[in-house]
Amino acid sequence: MKQRSKSSSGKNIPVVSNDRRVRVVQCIRALPKGKVSSYGALAKAAGWPRAARQVARILREVPGLPWYRVVGAGGAIKCPGEYASEQRFRLQMEGVTFRGARVDMKKHEFHFSKARRVR
DNA sequence: AGGGTGACGATCA
DNA sequence: ATGATCGCCACCC
């Protein structure tokens with residue numbers, strides 16, 4: 001369900017719709033096992049550039065998402081405290097390798113296709 | 001309306 | 001590599 005923007009007069013700014021959120025969620029769910037993406041790249045792929053922080057928020061509040069497959073730019077783990085180790089563990093369980101403290105993006109970064117995945 | 005807050009990101013010392 | 005700063009943006013008082 002999309003939230004209707006207030007069309008009071010002819011011209012109205014498109015209020016922050018849930019469409020963006022939905023797309024972000026879909027992108028997150030599209031991440032294959034063993035692959036990861038960064039908050040920023042994900043936001044961009046979802047057609048919502050510069051929304052890295054919003055992606056993080058969504059990751060926190062929407063249950064059931066493979067949240068651990070989303071890392072910071074360059075493969076850095078950005079989760080606070082205990083979640084950090086859990087994330088690393090889960091990723092390693094999927095075969096994701098690390099280079100020091102960060103994910104080896106060279107091998108595991110997922111590249112979203114520009115084409116619209118209709119499904 | 002206004003200010004504080006991030007599971008961010010890029011840049012610079 | 002590490003920490004400080006600044007730009008961004010939706011939320012929550």
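Residue numbers begin at 1 in each chain, while the letters A, B, ... track the order of the sequences.
Looking at which nucleotide of DNA chain C each of A:R99 and A:R50 is closest to, the 5′-most match is held by A:R99. Nearer to the 5' terminus of DNA chain B, by closest-nucleotide assignment, is the contact made by A:R57 (compared with the other of A:G72 and A:R57).
Between the C1' atom of C:dC9 and the CD atom of A:Q54 lies a distance of 4 Å, rounded to the nearest Å. Note: CD (A:E61) to P (C:dC12) measures 8 Å, nearest angstrom. Distance A:D19 CG to C:dA10 P: 14 Å, rounded to the nearest Å. For the pair A:K78 NZ and C:dT2 P, the computed distance is 12 Å after rounding to whole Å. Rounded to a whole Å, the CZ atom of A:R69 is 21 Å from the P atom of B:dA7. The separation between A:I58 atom CD1 and C:dA10 atom C1' is 10 Å, rounded to whole Å. A:R20 places its CZ atom 13 Å from the C1' atom of C:dC8, with the value rounded to the nearest Å. In this structure, A:Q87 places its CD atom 8 Å from C1' of B:dA7, rounding to the nearest Å.
Distance NE2/A:H108 to CZ/A:R99: 11.0 Å, rounded to 0.5 Å.
The nucleotide whose nearest atom lies closest to any side-chain atom of A:L59 is, among C:dA10, C:dC8, B:dA7, B:dA7. Nearest to the side chain of A:R102, among C:dA1, B:dG9, B:dG6, sits C:dA1. Candidate nucleotides C:dC9, B:dA7, B:dC8 were compared by shortest atom distance to the side chain of A:R60, and B:dA7 ranks first.
No more than 12 heavy atoms of other residues, nucleotides or ligands sit less than 6.0 Å from atom CD of A:E82.
At a threshold of 4.0 angstrom between heavy atoms, the contacts of A:A73 are confined to the sugar-phosphate backbone, with no base atom among them. In this structure, A:Y83 reaches neither bases nor backbone, as no heavy-atom distance under 4.0 Å exists between it and the strands shown.
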*Step by step, work out the salt bridge (Lys or Arg N to Asp or Glu O under 4.0 Å) result for A:E86 and A:R90.*
CA-CA 6 Å; A:E86 184 181 341; A:R90 283 174 177 277; 3.0 Å; yes
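Cluster membership for A:L31 and A:F98, using ILVMFWY side-chain heavy atoms within less than 4.5 angstrom, is shared. A continuous path of Ile, Leu, Val, Met, Phe, Trp and Tyr side chains, each step under 4.5 Å between heavy atoms, connects A:Y68 with A:V62, placing both in one hydrophobic cluster.
Using a 4.0 Å cut-off, no side-chain N or O of A:R53 falls inside it from OP1 or OP2 of C:dC9.
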